[in-house]
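Before any comments, here is the structure.
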There are 2 protein chains.
Amino acid sequence: MASQRRTTIHDVAALAGVSRSAVSKAMNGQEGLAPGTRKKILAAAATLDWSPSPAASTLRGSRSRSVGLVISRGPDLLAADAFFAVLIAGAESVLAPRRYGLQLHLLSTAQSAESETYRQLTRDRRVDGFILTESRIRDARFELLRELGAPFVLIGEPWQDDRVEHILVSDAMAGMRDLAQHLVQAGHRRILYVGGPEDLVHTLRRREAFARALEDAGGPLPRVVSAAFDAKDARRATREALAVPERPTVIVYGNDTMAIAGAGEAQRLGFRVPEDVAVVGYDNLPMGEWVYPTITTVAQDLHAIGAAAAAALLRELGDTSVEIPPVAPSTLVIRESTTLDRA
Amino acid sequence: MASQRRTTIHDVAALAGVSRSAVSKAMNGQEGLAPGTRKKILAAAATLDWSPSPAASTLRGSRSRSVGLVISRGPDLLAADAFFAVLIAGAESVLAPRRYGLQLHLLSTAQSAESETYRQLTRDRRVDGFILTESRIRDARFELLRELGAPFVLIGEPWQDDRVEHILVSDAMAGMRDLAQHLVQAGHRRILYVGGPEDLVHTLRRREAFARALEDAGGPLPRVVSAAFDAKDARRATREALAVPERPTVIVYGNDTMAIAGAGEAQRLGFRVPEDVAVVGYDNLPMGEWVYPTITTVAQDLHAIGAAAAAALLRELGDTSVEIPPVAPSTLVIRESTTLDRA
DNA sequence: TTGAAAGCGCTAACAA
DNA sequence: TTGTTAGCGCTTTCAA
């Protein structure tokens, strides 16, 4: 095997008959190049199948062409939730064609590890910016990242006190409105809402949206309890809810994971779903279609959200050629867990 | 804000009173340094909270301190399977403390994108090596990565034709033996095995192991069909299996995803699980504990497997200080889907 | 509008 | 055993 020297900016410059700095300018879409020169350079780069070395760019103080995603959750949740896989696949669909990489960090441990991870990734210049998932109430990550000077995009709605410029919301109201009507029409009068962790903004938003939608639809006031978003907690909440005489006729959960676990527990206790107690989730994870009964849910397009977040971050990083794809509002997906009738 | 110059190898060298090359040697655990000098240097590095810049190391031709994980599967499967989340969390537990990053690429598209991804990651020197998941029959990735000169570790057993040096197996036989006994003792005589995609090595291994274990336990020959590992296919296979008069009394699926979907479909058709038909999965994903009935399954410790794969790769990359943690053999986890009796 | 040159932080070959 | 030095490939002043 011959000693294959790697293609560098030098080769491209030579082929195009220009200087290396011209090539750099052309590749980074900068001003001050004759259109013809630019074209010639891009053609040469394509011919040689060359693109700038991320390591060299990083070292020089420019972009690393990589974005960071730090996910910190308990090990159970992490394993459980297909949520992130879909989100990541969506982000990838925007990043990969632009030769951006994704640095993933899954932390199943403490908070301290989280900020340390952000610090290190920034300090080592491994990433140009971050995608933050799951907006928290009084989110400490914003201040940290501003202090680190790292650009970021938040998936979700920032809490009122947080001044975050770049956000992305998938409106819960649309789906909740349809859900409320669906439940009221079905004649449900005792409704339990099992929300997620109290430190997440969307826990509040979904709960509020549901309560408002229910009111608008002329339905009853829902009873509300909180759970930790994991299956164990959902089971506990379900068991307690069904143990009383005035038990709910429908339980709406803050996500699909809890809804599936809740429906399972209800059945274990001898209740038929949905005849004795109906069940509703949120997210529309694929899993909801596998179980029996299939789970009625409020769908959000996580793939689109992931793509939009990545696009917004790239724009934030200065790539104005990226369009931020629209994120559709949530919709109701009616399945067996609210409609099945085995007569 | 003052102009915070970043800490570099120079500062550490100055503090320790040595040259920069000495610092480099100390940090990379190389020979030819007096023990005292080494100690002094490491102390200085710790004091300044410094570690080498990955970008500079990469550019210099040394390690990037990052490993790649390319996952290519259909979008449905990708979203569905908690499998990868656990594996990744396990890998992280080894990589993060050693300041290694993980570059993740989720491809929901064609094969061509896969090899292109490996090529680019290697060419851009974004990663020092790869973790490959899911050993395939006549796996084309081995040749590609050898050609690219990229070190890698395969999770799973290589197919016989593939000469792959670095592998990691979680033995299926142990769990299958216990499963066979469990089923035979329960008196099952008509057994269906629904295996995964035919191009995966573990599809064959699990199927063989199950058949052998069943024979050893004095059980009947299982009937065998294949599915695509996704929920839709599992449902189809289940429907067909239960449509005939001589229907199986237990269906063993190649993974938990299929088992859950299969159990759901059986119930939808009016069969009780496990009274009319029992169900068994493989993997022991958290999900299996949420549904009703909970899914009996052969457990493999995916977290440990991910950690072991990362450790093996780091050793392959020359970090001999990493111990490869042992991966326990599979075990049987008996749950409701084979035992519940509602009398 | 274009090109020359300096240097980002590190490692390894070589010299002392 | 330790230090000196020459780049790795790129971007960005600055000068032409």
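A, B, ... follow the sequence lines: proteins, then strands. Residue 1 opens every chain.
First and last contacts of DNA chain D with chain B, using any nucleotide atom under 4.0 Å from a protein heavy atom and ordered 5' to 3', fall at D:dT1 to D:dG9.
There is no side-chain donor-acceptor pair under 3.5 Å between A:R65 and A:S57. A side-chain donor-acceptor contact under 3.5 Å links B:S51 and B:R99. Side-chain polar atoms of A:S72 and A:E114 form a donor-acceptor pair below 3.5 angstrom. For A:Q30 and A:S24, the side-chain atoms include no donor-acceptor pair closer than 3.5 Å. Side-chain polar atoms of A:S21 and A:S19 form a donor-acceptor pair below 3.5 angstrom.
The CG atom of A:L313 sits 10.0 Å away from the CD1 atom of A:I155 when rounded to the nearest 0.5 Å. For the atom pair CZ (A:R123) and OG (B:S53), the distance works out to 10.5 Å, reported to the nearest 0.5 Å.
Ring geometry for B:F142 against B:F152 counts as parallel: the plane angle stays under 30°, on a 0 to 90° scale with 60° as the upper cut.
Using a distance-only test at 3.5 Å, with no hydrogens or angles considered, a donor-acceptor pair links the side chain of B:R315 to the main chain of B:V322. Under a 3.5 Å cut-off, the side chain of A:D319 and the backbone N or O of A:S321 do form a donor-acceptor pair.
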Check your understanding: Which letter, B, S or -, goes with each nucleotide of nucleotides 8-16 of chain C from 5' to 3', with contact meaning a protein heavy atom under 4.0 Å?
Key -> BBBBB----

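Across residues 32-45 of chain B, B:G32, B:L33, B:A34, B:T37 each have a non-hydrogen atom less than 4.0 Å from an atom of DNA chain D (numbered order).
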